There are 2 protein chains.
Amino acid sequence: MSPRLQLKPRKKPSQARSKATVEAILVAAAQLFRWQGYAGATTDRIAARAGVSVGSLYQYFPNKDAILVALAERHIDTGFALVRELLAEALTHVSPLESLLRSFVVAMIALHEHEPELHRVLFEEAPLPSSLRRRLRKRENDLATEVAELLEAHPEVRMRNPRLMAYILVQTVDSLVHNFILHPPKDIDAKSLTEELVRMLDQHLRG
Amino acid sequence: MSPRLQLKPRKKPSQARSKATVEAILVAAAQLFRWQGYAGATTDRIAARAGVSVGSLYQYFPNKDAILVALAERHIDTGFALVRELLAEALTHVSPLESLLRSFVVAMIALHEHEPELHRVLFEEAPLPSSLRRRLRKRENDLATEVAELLEAHPEVRMRNPRLMAYILVQTVDSLVHNFILHPPKDIDAKSLTEELVRMLDQHLRG
DNA sequence: GCGCAATGTGAGGAATGCCTCATATTTAGA
DNA sequence: TCTAAATATGAGGCATTCCTCACATTGCGC
């Protein structure tokens, strides 16, 4: 419960066999964390689901938190790579503001659709090591800044208060998408939401 | 851990003494839930902090979940009463769209500032009874609908797709405010955020 | 005051969780 | 093929949690 101190892997897997073990543990942990939350995913259950003994689990992870941290790193890296890729794609040709915004929204949807429940556990559940929480928020924020700078440079944009508008832009898209993915209303589809959102932001960024 | 079934109070307090006990338990529980999260707040600790024995706690709450449920009911009721009051105030005189929106944003800020950490535990932490989760979301949604209808009736508003726009409106304000209260950036203050947000929504609702 | 109902107490049972360690199996490589 | 290193096993120790129960205290109505 109270945050553990040691988070680095206890031993590095070198043979193929042990790599598979670690992989199985991470996969199982990801499932259990998102199905049961942090407390519900016990190390014994994770090991069982991975088809591995608890002992093996503790060969590679010094404690339960370390598993979560490993998952977080991975989740962050793949997720952000995804967004950067989509944004880069959109920047290969000079685009009108509207399509730039659309790319951003679509990228954020992709980011959140990639393991949304795990995302929730990582970002919102309480008893995570606070250092990890900070790290996650920081990386989320870095991406936000990147996007904001990108938009600010766009000729069609007129920013009254760049910092504030960037904050609103990124937070709005992030939270709206986050909630939409996690609790999709029956009568609203992703496409219409995207369009309406883009329209609102487009108008707003023009001042 | 796994959701308990019985959630109603085991026994109703009749004398003043026991009412005080129940109150103390709820206060202590609220503190511990928001400081430690759901799992960290043990029944023993709640009882201790309330200055009461575990036995007394279990006289009035059949299990740990029931305490959370009681808190949730209370939190919802006071929070929503607060918002309704503020909105009613704003409706005593016919106001321009802009000030109506401002009232809404201000009301939402008030709602979230009322025990924001407890709010987070209730709305976002995983191992809650799912019936409770649904109940919370439903009431949040009801309020949203109310606000949406109210706005739709306003003469200055031109809604392309009422359902969708209401959703975006409420979700945007709710999430933005929620995040702002829980993780306030150093260089942004509530007032500017409110103004910028109102401007964006105002523009958007005019079509 | 008296007696019964209401309320309060806290040691401890049963369940569960995290993690260790003595031991067994597998693999690399000489 | 043989050996040492790498990897895997899982019973169980220790801690913690939720909750019960047998008993003590308090307050209300007479």
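Numbers restart at 1 for each chain; the letters A, B, ... are given by sequence-line order, proteins then strands. Treat the numbers as computed from the prediction; the structure is a model and nothing was measured.
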task = May I have the distance from A:Lys64 (atom NZ) to C:dT20 (atom P), rounded to whole angstrom?
result = 15 Å

request  = Ignoring backbone atoms, test whether A:Ser53 places a side-chain nitrogen or oxygen under 4.0 Å from the OP1 or OP2 oxygen of D:dG10.
outcome  = no

query = Would a 4.5 Å heavy-atom cut-off, applied to side chains only, mark A:Leu101 and A:Leu169 as touching?
reply = yes

key: Atom-pair distance (OH on A:Tyr58; P on C:dG17), nearest Å   = 11 Å

query = Testing A:Leu176, A:Val173, A:Asn179 for side-chain contact (heavy atoms from CB on, under 4.5 Å) with B:Thr172, which one passes?
reply = A:Leu176

message = When you measure from the side chain of B:Arg45 to the backbone of B:Gly40, do you find a donor-acceptor pair of N or O atoms at a distance under 3.5 Å?
response = yes

remark   = Ranking C:dA11, C:dT20, C:dG17 by distance to the side chain of A:Thr42, first place goes to C:dG17

task = Measure from CD1 on B:Ile46 to P on D:dC19 and round the result to the nearest Å.
result = 10 Å

request  = Check whether any side-chain nitrogen or oxygen of B:Thr43 sits under 4.0 Å from OP1 or OP2 of D:dC19, and answer yes or no.
outcome  = no

request  = Could you check whether the rings of A:Tyr167 and B:Phe180 sit parallel, tilted or perpendicular, using 30° and 60° as the cut-offs?
outcome  = perpendicular

request  = Is it possible for you to check whether A:Lys19 lies under 6.0 Å from the centre of the six-membered ring of A:Tyr60, through NZ or CZ, and within 45° of that ring's axis?
outcome  = no

inquiry  = Closer than 4.0 angstrom, basic N to acidic O: yes or no for A:Glu195 and A:Arg199?
reply    = no

inquiry  = Any N or O donor-acceptor pair under 3.5 Å from the base of D:dC18 to the side chain of B:Asp65?
reply    = no

task = Send over the distance from B:Lys19 NZ to C:dA6 C1', rounded to a whole Å.
result = 13 Å

task = Look at the rings of A:His112 and A:His178 and say which category their plane angle falls in: under 30° parallel, 30 to 60° tilted, over 60° perpendicular.
result = perpendicular

request  = Round to the nearest Å and state the distance from A:Gln59 atom CD to C:dC21 atom P.
outcome  = 12 Å

inquiry  = What is the distance, to the nearest angstrom, from the CZ atom on A:Arg45 to the C1' atom on C:dT16?
reply    = 9 Å

key: Given DNA chain D, 5'-ward residue of the pair A:Asp44 and B:Asp44, judged by closest heavy atom   = A:Asp44

message = Does D:dA8 have its OP1 or OP2 closer than 4.0 Å to a side-chain nitrogen or oxygen of A:Tyr60?
response = yes

query = When you check every protein heavy atom under 4.0 Å of nucleotides 24-30 of chain D, what one-letter string (B, S, -) results, 5' to 3'?
reply = --BS---

request  = Measure from the side chain of B:Ser18, starting at C-beta and using heavy atoms only, and say which of C:dG8, D:dA11, C:dG10 lies closest.
outcome  = C:dG8

task = Assign each of B:Val54 and A:Gly55 to its nearest nucleotide of DNA chain C by heavy atoms, then name whichever residue's nucleotide is nearer the 5' end.
result = B:Val54

query = Think B:Thr21 has a side-chain N or O under 4.0 angstrom from the OP1 or OP2 of C:dG8?
reply = yes

task = Quick one: label B:Ser56 by what it contacts on the DNA or RNA (base, sugar-phosphate, nothing), any heavy atom closer than 4.0 Å.
result = base

request  = Starting at atom CG of B:Asn63, determine the distance to atom C1' of D:dT17, rounded to an integer number of angstrom.
outcome  = 13 Å

Length of the CD1-P vector between A:Ile25 and D:dT9, whole Å = 10 Å

inquiry  = Test your reading of the model: is there a side-chain donor-acceptor pair from B:Ser175 to the backbone of B:Gln171, 3.5 Å cut-off?
reply    = yes

